[in-house]
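Report on one structure; see the data block that follows.
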Amino acid sequence: MNTPVADFVQRYAKAGTARLHMPGHKGRCFLGCEPWDITEIHGADALYEAEGILAESEQNAAALFGSQRTCYSTGGSSQCIRAMLYLAVAASGSHTVVAARNVHRAFVSAAALLDLEIRWIWPEESRSLCGCPISPAQLEEALGSLPEPPAAVYLTSPDYLGGMAEIPALAQVCHQHGTLLLVDNAHGAYLRFLQPSLHPLDLGADLCCDSAHKTLPVLTGGAYLHLSPAAPARLAAMAKSALGLFGSTSPSYLTLASLDLCNRYLAEGYPQRLAETVGRLKGLREKLAAAGWQVESSDPLRVTVAAPSEVTGQKLAQRLRRHGVECEYADRDFLVLMATPENTPEELARAAAALGTCPGQPKPLRLPLARGEQACSIRQAALSFRETVAAADSLGRICGLPTVGCPPAIPIAVSGERIAPEALALFEYYGISQVEVLVE
């Protein structure tokens, strides 16, 4: 597959042209990548008005993913989340979105910018802040309670622990109610290349975002906004302007070139290499289970282990680090490993050896649900004066901007919610010591 963006960048780097244009390094090496770092010079196209090499590259990506249109983002899935919510609102005229509660904080900032009213769907019970499994029956009940269809239903799948939503059944419920299904597929760009595909577009989603850099060989910040062949054509026509509303006018050409090169990577034997990696990870899960570890159900490129009562996930992460292994995520209850075909069998074996035999049984988990009263809109809270207080002193206060680390970037309390006792308990559980609240 051709790589027009990467070819242009490489030719320009070799040409020795006097760079009397931005950026300021002029192609001289400080980090080493500067010769390939360009801006929208003649011939380089422009991301949000793409008609040349960037348009060609995005068309290559759309063909690979089977989408009606695929657009590049250099602002990660965060930029794509804001854009697809904007598109849903523009298409419907509604500012109501139904969302599973385990959203990334980028969703909350999008709700503030677009002045969305969010109707949350909560899990029937919670084992982790990261997960929010919802059933088609729950979604049917939520949509049936509304006087008119919302702008969209919004899901995160896979979630940070690797849990995957029942997208085909949930999509059917959405479409029966005349609304769009939007999926934050940040951790699942590779799912398209499984046999069979498990990508949200192939399972019924109308729009979704993929963080290419999380599971594919793309530089950090590289992401895709995909529109399904079944999505309204007017949304595809507006996709670039939607991304442009929330993105820098100086997108990184290093990141764009890496997205472009990734097309060739995907087209040249990637499904076979992916299948081999999935097989090795299946073997790793079996080995860990045989050593006594409770391995959670997850997407194929993730290995999620429940921490036993005697040790936390963070302690397990420290154990791995001492053996030269860095995990993706760890909290009190879980350890998450993410692999790709770029990981060697030896690296997986090193992780298994570092974990060794499980020292005990996993503890039963049932966490409270922090259902806070919505005292004002997300937008009003996000744009109000705020102060930082000790989390232990925040009971009854109105949350300003969520205080949460990344990963997992999932808020306990959302802007505009009155902080309830359950939220206080979760702040303590996850080690959150300070909270932003509105000034009284």
Side-chain angles (χ1 to χ4, degrees), residues 1 61 64-66 130-131 133 156-168 183 185-203 208 210-218 224 261-307 313 316-317 319-321 323-330 334-358 362 407:
M1 178 170 283
L64 287 163
F65 283 91
C130 297
T156 303
S157 179
D159 63 36
Y160 226 104
L161 299 183
M164 299 184 71
E166 301 176 58
I167 292 177
V183 178
N185 183 52
H187 291 79
Y190 76 94
L191 294 169
R192 164 71 178 174
F193 304 94
L194 297 171
Q195 298 296 330
S197 169
L198 294 178
H199 195 275
L201 285 192
D202 294 314
L203 300 181
C208 79
D210 300 351
S211 286
H213 69 92
K214 286 183 167 66
T215 57
L216 301 177
V218 170
Y224 307 110
L261 286 168
C262 187
N263 291 336
R264 185 166 64 194
Y265 174 88
L266 295 172
E268 296 180 354
Y270 175 70
Q272 177 61 34
R273 295 194 299 275
L274 176 62
E276 291 168 358
T277 302
V278 168
R280 286 196 289 268
L281 288 170
K282 182 174 181 290
L284 175 58
R285 291 188 198 94
E286 291 170 350
K287 185 172 184 177
L288 292 174
W293 297 97
Q294 179 174 305
V295 181
E296 301 288 311
S297 176
S298 70
D299 67 285
L301 286 189
R302 210 170 324 218
V303 177
T304 300
V305 174
L316 295 177
R319 183 189 301 183
L320 288 174
R321 204 168 287 125
H323 288 80
V325 177
E326 189 65 33
C327 72
E328 166 60 23
Y329 174 69
F334 297 98
L335 174 80
V336 179
L337 309 176
M338 285 179 64
T340 77
E342 306 314 305
N343 287 110
T344 66
E346 291 75 20
E347 289 172 334
L348 301 184
R350 191 193 309 173
L355 288 173
T357 301
C358 182

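Both backbone and side-chain heavy atoms feed into the values below; hydrogens, waters and symmetry mates do not. Keep in mind that what you see is a predicted model, and the values were worked out from it rather than measured. The first residue in the sequence is number 1, and the count goes up from there.
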Check your understanding: Is the ring centre of Tyr265 less than 6.0 Å from the ring centre of Tyr270?
Key -> yes
Does any N or O in the side chain of [X] come within less than 3.5 Å of the main-chain N or O of [Y], such that one atom is a donor and the other an acceptor?
X      : Y      : answer
Thr304 : Leu161 : yes
Arg350 : Gly324 : yes
Glu347 : Thr344 : yes
Ser157 : Ala165 : yes
Arg319 : Leu355 : yes
Arg302 : Tyr160 : yes

Flag side-chain contact, heavy atom, 4.5 Å: [X] against [Y]:
X      : Y      : result
Tyr329 : Cys130 : yes
Asn185 : Pro158 : yes
Leu281 : Val278 : no
Leu191 : Met164 : yes
Thr277 : Arg280 : yes
Tyr190 : Pro300 : yes
Leu64  : Tyr224 : no

Can you measure from [atom1] ([X]) to [atom2] ([Y]) and round to the nearest 0.5 angstrom?
X      : Y      : atom1 : atom2 : result
Leu301 : His187 : CG    : NE2   : 11.5 Å
Phe65  : Leu266 : CZ    : CG    : 5.5 Å
Leu335 : Leu288 : CG    : CG    : 9.5 Å
Leu337 : Glu326 : CG    : CD    : 10.5 Å
Glu268 : Asn263 : CD    : CG    : 10.5 Å
Cys327 : Leu320 : SG    : CG    : 6.5 Å

Revision key, fill the gap. Between His199 and the options Asp210, Val183, Ile167, Leu194, the side-chain contact (heavy atoms from CB on, under 4.5 Å) test singles out Asp210
**Study point:** Sequence-distant partners of Glu286, side chain to side chain contact (heavy atoms under 4.5 Å, CB included), two or more places apart
**Key:**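 Counting only residues at least two positions away or on another chain, Glu286 forms a side chain to side chain contact (heavy atoms under 4.5 Å, CB included) with Lys282.
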Practice item. Provide the closest heavy-atom pair for Ala289 versus Val295 in the form atom of the first, atom of the second, distance. Key: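 Of all heavy-atom pairs spanning Ala289 and Val295, the closest is N-CG2, 4.1 Å.
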Practice item. Applying side chain to side chain donor-acceptor pair (under 3.5 Å), name anything that partners Ser197, two or more places apart in sequence or on another chain. Key: Asp202
Point to revise | Listed once per pair and sorted, the ring-ring contact (aromatic ring centres under 6.0 Å, His included) pairs that draw on residues 276-306, sequence neighbours left out | key: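 Matches after skipping sequence neighbours: none remain.
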